[in-house]
J.: 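Let me begin by handing over the structure; questions about it come next.
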Protein chains: 2
Amino acid sequence: MNIYDVSKKANVSIATVSRVLNGNPNVSDKTRAKVLAVMEQLGYTPNVFARGLGLNTMRTIGIMCSDSSDLYLANAIYYLERDLRSNGYDAILCCTGYELETKQKYFDLLCSKRVDAIILAGSKFVEMKPRDNTYILDAAAKIPIMLVNGYLEGENIYSTVCDDQAAVYQAASRLIQSGHKKLLYVYTSTSYSGSNKLQGFKNALADAGLPLLPEYIRQCRKDITAAKELFFSLKKEGLEFDAVIASDDSLAAGAVKYANTAGISIPEELSIVGYNNSILSLCSDPELTSIDSKVEALCTTTVNTLMGVFSGGNVPSRTTIAADLIKRETTNF
Amino acid sequence: MNIYDVSKKANVSIATVSRVLNGNPNVSDKTRAKVLAVMEQLGYTPNVFARGLGLNTMRTIGIMCSDSSDLYLANAIYYLERDLRSNGYDAILCCTGYELETKQKYFDLLCSKRVDAIILAGSKFVEMKPRDNTYILDAAAKIPIMLVNGYLEGENIYSTVCDDQAAVYQAASRLIQSGHKKLLYVYTSTSYSGSNKLQGFKNALADAGLPLLPEYIRQCRKDITAAKELFFSLKKEGLEFDAVIASDDSLAAGAVKYANTAGISIPEELSIVGYNNSILSLCSDPELTSIDSKVEALCTTTVNTLMGVFSGGNVPSRTTIAADLIKRETTNF
DNA sequence: GCAATCAATGTAAGTGCTTACAATTATTCT
DNA sequence: AGAATAATTGTAAGCACTTACATTGATTGC
């Protein structure tokens, strides 16, 4: 069953069938209707390979993420796929893990699959050393590269980022305004968004005239139990803190567990602000005040931008979206 | 840059180049090395479209799930993609939502994309009414259909399921053995695995000679807060229960929150068993005893089975994997 | 009424690969 | 050495589509 069968049955040439297939306007309404009817009758589906060969596109976008089971990324994937599909594109998923080498390998793989663009979901793709990003720049020479919550400068590279810095600044400022003096900042990684968040924290302290003490900035892996233990050990080493801002809800959830088992009341004795407004913020008890990083808006904007790129429009290479501070039970502002 | 460029530069025919590309053994080591060297030198990548046209396969598998941001499915997607990729296959993701019509539409779409198989992740794809599954059976006439944690009988349809019934049976029996008399079962949906879980619960009660009271079997949507409220309202209507078995961790997490705020001690006064061993079981305080439904094993088996189907092996149409009962703080057995 | 224009359709040459079959070269056997 | 056989390699015909260009037929202007 191919285009010849249709053309024969409809008494037209294959070119006409192809035109109908591609919505070419140079077909009379009568023949178009006839061809469509035959296609329907025969249950004809065009062969995507032959089509791809001719058009050199498969209407498929590669989505790369480090780990689709991460709460944040799982959401991003959902929204990206949804919005791509509503624009008539498929999504090939590629979970790369965290090794630079693997990322590069999968990048090549997606390129060789002739995807029409690659979306990098999450801030884990832009490396510190510029030369480690050359593989992205190289790919951008062929197809558009879209960063969701990451930023890289370059031709044919487009970023949509959340204003993490402003969000953390706001959260920290509010905590300071409501009387907190010893803010502890815990973070998981130093990616693009990670360093922005930290900068927001530092700026808030500076603007409020509070000292910036290195022991109040701590790293911890993204793990509730590990975070809980970290807080206990900080307590043990005598560090006093009346508020915690975490770069991820899992760390904030650890803080809640720490306070609950240590008999510290939330938010009276300890205020906690999480990040990402994930399911963990609702599972924690009390529920976490958390910064919503607007995944859906980020993804929708990314896809819209990409469609703009495809249609040759003049498109901003960077879009910033404001985060939302979701007030729940772990703060009293 | 195509196969002709390579053949010219290597002084061989395109057929030989193609043979090298496809690992055909009928090429002398010398020419193989020469061709590979030229490919490397030219940075040649075969065109997947042309390849697909000839081979009629793209080495791509469609993964369908209702919602990739669901904790369980996010994990499944991760493992499926990983294992497919390690077998040289790409994964096209398709989040269908819960409408039957949408599922059918996306099914057709994936088929028309000429994927080599479709994996249905999660038990939401097999409908109650057999005629609503005909679209799956139709697709199975063309390509293998793999069900992860769902079961449907049919030619070219393969299922990998978790023994949910045995798992719930075991959990309920242990609770009964350790002195519980009033077990409450809460569930979210009546899918294939949903009804198996419930059956396990019923069997455990029956085998222990406990009465099966309908008010002890309740439905609730997959939402921590909704679950918490459900327990409060049950309490209010006077229902007494000393143990809760939930078909999902989110419901169990709701039970924990209920008990914490109602001042009911866990597990002394109330034991709780969750399902899926998700991040919620670690976020809850106390941590949830939960049934691990072995997503990774399920996914790996599914992919292995699929590879078996591709290689024409004789493959079981149904594989069952045992669940694990992970003991944590919400039970004392 | 006839040339000029335009719309609709058809022809045929790609697109880059696979593979059956033919041709060539190398190896073995007598 | 020469025939028979085996191992390589090449030729050419698909695969199912797109599209530039050619052709046909209809419409318009004068």
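Note on naming: letters A, B, ... go to the chains in the order of the sequence lines (proteins, then strands), and numbering restarts at 1 for each one.
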J.: Any residue in residues 39-52 of chain A with a heavy atom nearer than 4.0 angstrom to DNA chain D? Just list them by number, or reply none.
T.: A:Tyr44, A:Pro46, A:Asn47, A:Ala50, A:Arg51
J.: Select base, sugar-phosphate, or nothing to describe what A:Asn22 touches, counting heavy atoms under 4.0 Å on all strands.
T.: sugar-phosphate
J.: Write down the distance between CZ (B:Arg19) and P (C:dC17), rounded to a whole number of angstrom.
T.: 15 Å
J.: Is the Lys NZ or Arg CZ of B:Arg51 less than 6.0 Å from the centre of A:Phe49's six-membered ring, within 45° of the axis?
T.: no
J.: Run the side-chain hydrogen bond (donor to acceptor under 3.5 Å, both in side chains) test against A:Ser191 and tell me which residues pass, sequence neighbours left out.
T.: A:Ser123
J.: Kindly write out the residues that satisfy ring-ring contact (aromatic ring centres under 6.0 Å, His included) with A:Phe107, not counting sequence neighbours, or none if the list is empty.
T.: A:Tyr135
J.: Output all residues satisfying salt bridge (charged side-chain N to carboxylate O under 4.0 Å, His left out) with B:Lys103, sequence neighbours left out; order by chain, then residue number.
T.: B:Glu127
J.: Going 5' to 3' on DNA chain D, which nucleotide is the first and which the last to come under 4.0 Å of a heavy atom in chain B?
T.: D:dT8 to D:dA16
J.: With no hydrogens and no angle check, just 3.5 Å: does a side-chain donor-acceptor pair link A:Asp163 and A:Thr320?
T.: no
J.: Counting the atoms with a prime plus P, OP1 and OP2 as sugar-phosphate, which does A:Asn56 contact under 4.0 Å by heavy atoms, base, sugar-phosphate, or nothing?
T.: nothing
J.: More than 12 foreign heavy atoms under 6.0 Å from NZ of A:Lys9: is that the case here?
T.: no
J.: Expressed as a whole number of angstroms, how long is the span from B:Leu21:CG to C:dT19:C1'?
T.: 14 Å
J.: Please work out which residues in residues 8-15 of chain A have a non-hydrogen atom less than 4.0 Å from an atom of DNA chain D and list them by number.
T.: A:Ile14, A:Ala15
J.: Could you pull out all residues at least two apart from A:Arg85 that satisfy salt bridge (charged side-chain N to carboxylate O under 4.0 Å, His left out)?
T.: A:Glu81, A:Asp90
J.: Give a yes/no verdict on a cation-pi contact between B:Arg318 and B:Tyr151, requiring under 6.0 Å between NZ or CZ and the six-membered ring centre and an angle within 45° of the axis.
T.: yes
J.: When rounded to the nearest 0.5 angstrom, what distance separates CG in A:Leu147 from OG1 in A:Thr305?
T.: 11.5 Å
J.: Provide, to the nearest angstrom, the distance between the CD1 atom belonging to A:Ile3 and the P atom belonging to C:dA12.
T.: 16 Å
J.: Between the opening five pairs and the closing five pairs of the helix from C:dG1-D:dC30 to C:dT30-D:dA1, how far apart are the helix axes, to 10°?
T.: 40°
J.: For B:Thr300, run the side chain to side chain contact (heavy atoms under 4.5 Å, CB included) check against B:Leu298, B:Thr302, B:Asn304 and tell me which one passes.
T.: B:Asn304
J.: Looking at B:Gln41, I'd like to know if its CD atom is crowded, meaning that more than 12 non-hydrogen atoms belonging to other residues, nucleotides or ligands lie closer than 6.0 Å.
T.: yes
J.: Tell me which residues in residues 25-36 of chain A put a heavy atom below 4.0 Å from DNA chain C, sorted by number, or none.
T.: A:Asn26, A:Val27, A:Ser28, A:Thr31
J.: Does A:Ser7 offer a backbone N or O that forms a donor-acceptor pair with the side chain of A:Asn11 under 3.5 Å?
T.: no
J.: Please identify each residue that fulfils side-chain hydrogen bond (donor to acceptor under 3.5 Å, both in side chains) with A:Asp67, with sequence neighbours left out.
T.: A:Ser69
J.: What pairs with A:Glu296 under salt bridge (charged side-chain N to carboxylate O under 4.0 Å, His left out), at least two apart in sequence or on another chain?
T.: A:Arg82
J.: Holding to ring-ring contact (aromatic ring centres under 6.0 Å, His included), I want the full list of residues that pass it with B:Tyr89, two or more places apart in sequence or in another chain.
T.: B:Phe310
